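This report refers to the structure that appears directly beneath it.
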Number of protein chains: 2
Amino acid sequence: MLQASEVEIFREFIRKRGLRYTPERETILREIFKIHDHFDVDELYLRLRNQGYRISKATIYRTLPLLIECGLVQEVYHEDGHMHYEHIYGHEPHAHFRCLSCRRVEEFRDERLEEVAREFQEKHGVQIKMVRYELLGYCAACRKEE
Amino acid sequence: MLQASEVEIFREFIRKRGLRYTPERETILREIFKIHDHFDVDELYLRLRNQGYRISKATIYRTLPLLIECGLVQEVYHEDGHMHYEHIYGHEPHAHFRCLSCRRVEEFRDERLEEVAREFQEKHGVQIKMVRYELLGYCAACRKEE
DNA sequence: TCCTTATTGAAAATTTGTTTCAATGACTTA
DNA sequence: TAAGTCATTGAAACAAATTTTCAATAAGGA
C-alpha cells in the first residue's frame, strides 16, 4: 500500500476536524517538510517570505499546533527563549543530544527508548503520542577546551 | 559519611565560584526544596511572598540557573508558555509522562534510560549532565472520555 | 452561485524572561 | 572590628515570543 504523503494526512486531519484546508496551511506544511533540520518560527517565516509567500507569523503560530496534533511535527526543545521544531513524519523516532556549550545538537537512535514507552503504555493504560529523550551535556570538542 | 544537605552543596558551589551567598539565594533554595512537585517561577514567587519574603522575580530568575548548574534543580518541561522545574537532589533520576488532555504529570523510573545515556556518553566521548525522558499522550481517564 | 462561518493579516495585547542602574550588603583585608 | 570592594538586589524598563482582537476574505456546503 502506498504511504500517504504528509499533505494527504494533513488534509484528512483538517477535514475530519471540520476545519478548512487553506493554501496558507498547505504552504507552511510543505515548507516545513523541505527543512531537514530543526527550525523555529522565525526561520520558517523568513524562508516563506524569501520565496514570496506573505504568510503572517500569527498564521504560523496557529498552524503549528495543528501539525503537532496530527503527528507531522514535533516540538524538539526550548532554547534561547523560544521553541524549536522538526517534522517527524517518515523519520524513525530518534533522540537528541545537546551540547550546553556550543549548542550543537546530535540525533541518535536507540530502540530501548521506544521499548520503555511501549511498556509504560501497556502497564498504565495510557496512549503515548510522543516520546522525547534528550541528553544535555558537553560534547567532546567542548570538553577539551576546558 | 553524612550526606551533604542541599544548602551546603549550594553554599559550596557559590563560594567556589567566587559569588556571594545571600539570604535571598538561600531562601529560594529552601523554598524550592519544600515543594514536592513541579513548580514554575510564578508559583515560587507567590509562595515566598505569602510567607512574607519580598524577593523579586528578577532574583528568582537569576538564581534558578545557578541551582540548575550545581545540579540541585532541573528544568522539567516547557508548557503554557513557560518553564517548569523540580528539585532533583536526593531523588532518583526519573522520567515523566504528561497527559496532553488533563495535563497530569506522572513520574516513573526505568534504568534503561540511564543506560542509554551512559552508553552514548562512552561511545561519543561527551559528558552527560542531564537526562530527560518525556512521554506525551493521553492518560487512562482521558482516553475513556473520548 | 450563495451563504455561513473559519481563517487570515496586522496590530495590539499579554506573558516570559532579561537588562539596567542606583542602593545595599557580603566578604576580604588590614 | 572597621573599611573598602564589588557582587547582588529590587524596581522598572526592555526585549522577545506568543496570543488575541477584529475587520476583511475565502473555503466548503447547500
Side-chain angles (χ1 to χ4, degrees), chain A residues 7-8 10-32 38-49 51-70 73 75-85 103, chain B residues 7-8 10-32 38-49 51-70 73-85:
Chain A
V7 174
E8 288 163 43
F10 190 39
R11 191 181 316 147
E12 195 47 37
F13 170 83
I14 290 287
R15 291 274 153 76
K16 232 182 265 166
R17 274 287 186 82
L19 304 175
R20 292 174 188 179
Y21 194 72
T22 66
E24 288 84 358
R25 284 176 177 164
E26 181 167 322
T27 302
I28 289 168
L29 169 63
R30 286 185 184 283
E31 191 58 37
I32 287 174
H38 307 136
F39 64 91
D40 55 31
V41 168
D42 213 57
E43 182 186 339
L44 179 54
Y45 174 72
L46 291 176
R47 284 179 63 123
L48 288 166
R49 184 157 255 274
Q51 290 169 74
Y53 296 111
R54 290 295 122 111
I55 295 178
S56 71
K57 281 196 185 174
T59 294
I60 295 177
Y61 275 115
R62 286 166 182 138
T63 304
L64 276 169
L66 297 172
L67 292 169
I68 289 170
E69 205 164 343
C70 69
V73 171
E75 293 182 336
V76 194
Y77 52 87
H78 192 270
E79 188 179 66
D80 294 325
H82 59 266
M83 193 54 80
H84 296 249
Y85 307 85
R103 294 169 163 222
Chain B
V7 173
E8 290 163 42
F10 190 40
R11 191 180 320 152
E12 195 47 38
F13 170 83
I14 289 288
R15 291 273 153 79
K16 232 181 268 168
R17 274 288 188 82
L19 304 176
R20 293 178 184 173
Y21 195 72
T22 65
E24 288 84 359
R25 285 178 175 162
E26 181 165 322
T27 302
I28 289 168
L29 169 64
R30 285 186 185 283
E31 191 58 38
I32 287 175
H38 306 137
F39 65 91
D40 55 33
V41 167
D42 212 58
E43 182 186 338
L44 180 55
Y45 174 72
L46 291 175
R47 285 179 63 124
L48 289 166
R49 182 157 257 274
Q51 289 170 75
Y53 297 110
R54 289 296 121 113
I55 295 179
S56 69
K57 281 195 185 174
T59 295
I60 295 178
Y61 276 116
R62 287 168 181 136
T63 304
L64 276 169
L66 296 172
L67 292 168
I68 289 170
E69 206 164 343
C70 69
V73 171
Q74 184 172 32
E75 294 184 337
V76 195
Y77 52 87
H78 193 270
E79 188 180 66
D80 295 324
H82 59 266
M83 193 53 79
H84 296 249
Y85 307 85

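Residue numbers begin at 1 in each chain, while the letters A, B, ... track the order of the sequences. Fair warning: this is a prediction, and the values are worked out from it, not measured in the lab.
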| said: As a test of reading the structure: which of D:dT8, C:dT8, C:dT20 is closest to the side chain of A:Thr59, going by heavy atoms? | reply: C:dT8
| request: Consider the side chain of B:Ser56, meaning its heavy atoms from C-beta on, and name the nucleotide among C:dT8, C:dA11, D:dG10 that approaches it most closely. | output: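 Nearest to the side-chain atoms of B:Ser56, counting from C-beta on, is D:dG10.
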Spacing between [X] atom [atom1] and [N] atom [atom2], to the nearest angstrom:
X: B:Tyr53; N: D:dG10; atom1: OH; atom2: C1'; value: 18 Å
X: B:Ile55; N: D:dT8; atom1: CD1; atom2: P; value: 15 Å
X: B:Lys57; N: D:dA13; atom1: NZ; atom2: P; value: 17 Å
X: A:Met83; N: D:dA16; atom1: CE; atom2: C1'; value: 15 Å
X: B:Leu64; N: C:dG17; atom1: CG; atom2: C1'; value: 11 Å
X: B:Ile60; N: D:dT8; atom1: CD1; atom2: P; value: 17 Å
X: B:Arg11; N: D:dA7; atom1: CZ; atom2: C1'; value: 18 Å
X: B:Arg62; N: D:dA12; atom1: CZ; atom2: P; value: 14 Å

How many angstroms lie between [atom1] in [X] and [atom2] in [Y], if you round to the nearest 0.5 Å?
X: A:Ile32; Y: A:Arg30; atom1: CD1; atom2: CZ; answer: 12.5 Å
X: B:Leu48; Y: B:Leu44; atom1: CG; atom2: CG; answer: 5.0 Å
X: A:Tyr53; Y: A:Arg47; atom1: OH; atom2: CZ; answer: 11.5 Å

| field | Ring centre gap for B:Tyr77 and B:His38 strictly below 6.0 Å | value | yes
| Which pair of heavy atoms, one from A:Phe13 and one from A:Leu66, lies closest together, and at what distance? | CE2-O, 3.7 Å
| task | Write down the atom of A:Pro65, the atom of A:Arg62, and the distance for their closest heavy-atom approach. | result | CD-O, 3.4 Å
| query | Under 3.5 Å, is there a donor-acceptor pair linking the side chains of B:Arg25 and B:Tyr21? | reply | no
| message | So for the helix from C:dT1-D:dA30 to C:dA30-D:dT1, with five pairs setting each end axis, what is the inter-axis angle to 10°? | response |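 Comparing the first five pairs with the last five, the axes sit 50° apart.
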| said: If you apply the rule side chain to side chain contact (heavy atoms under 4.5 Å, CB included), what do you find for A:His84 with A:Glu79, and how did you get there? | reply: CA-CA 7 Å; A:His84 296 249; A:Glu79 188 179 66; 4.0 Å; yes
| query | What is the nucleic acid contact for A:Arg25, judged by heavy atoms within less than 4.0 Å: base, sugar-phosphate only, or nothing? | reply | sugar-phosphate
| query | Below 4.0 angstrom from OP1 or OP2 of C:dT18, is there any side-chain N or O of B:Tyr61? | reply |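 Indeed not, no polar side-chain atom of B:Tyr61 lies that close.
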| said: Please encode protein proximity along nucleotides 22-30 of chain C as a string of B, S and -, counting only heavy-atom distances under 4.0 Å. | reply: ---BBS---
| remark: When B:Gly81 and B:Ala58 are each assigned the nearest nucleotide of DNA chain D, the 5'-most assignment goes to B:Ala58
| request: Answer yes or no: side-chain N or O of B:Arg17 and base N or O of D:dT8 forming a donor-acceptor pair under 3.5 Å. | output: no
| message | Go through it in stages, so that I can follow the logic: the residues are A:Arg103 and A:Asp80, the test is side chain to side chain contact (heavy atoms under 4.5 Å, CB included), and I'd like the CA-CA distance, side-chain angles, deciding distance and then a yes or no. | response | CA-CA 10 Å; A:Arg103 294 169 163 222; A:Asp80 294 325; 2.3 Å; yes
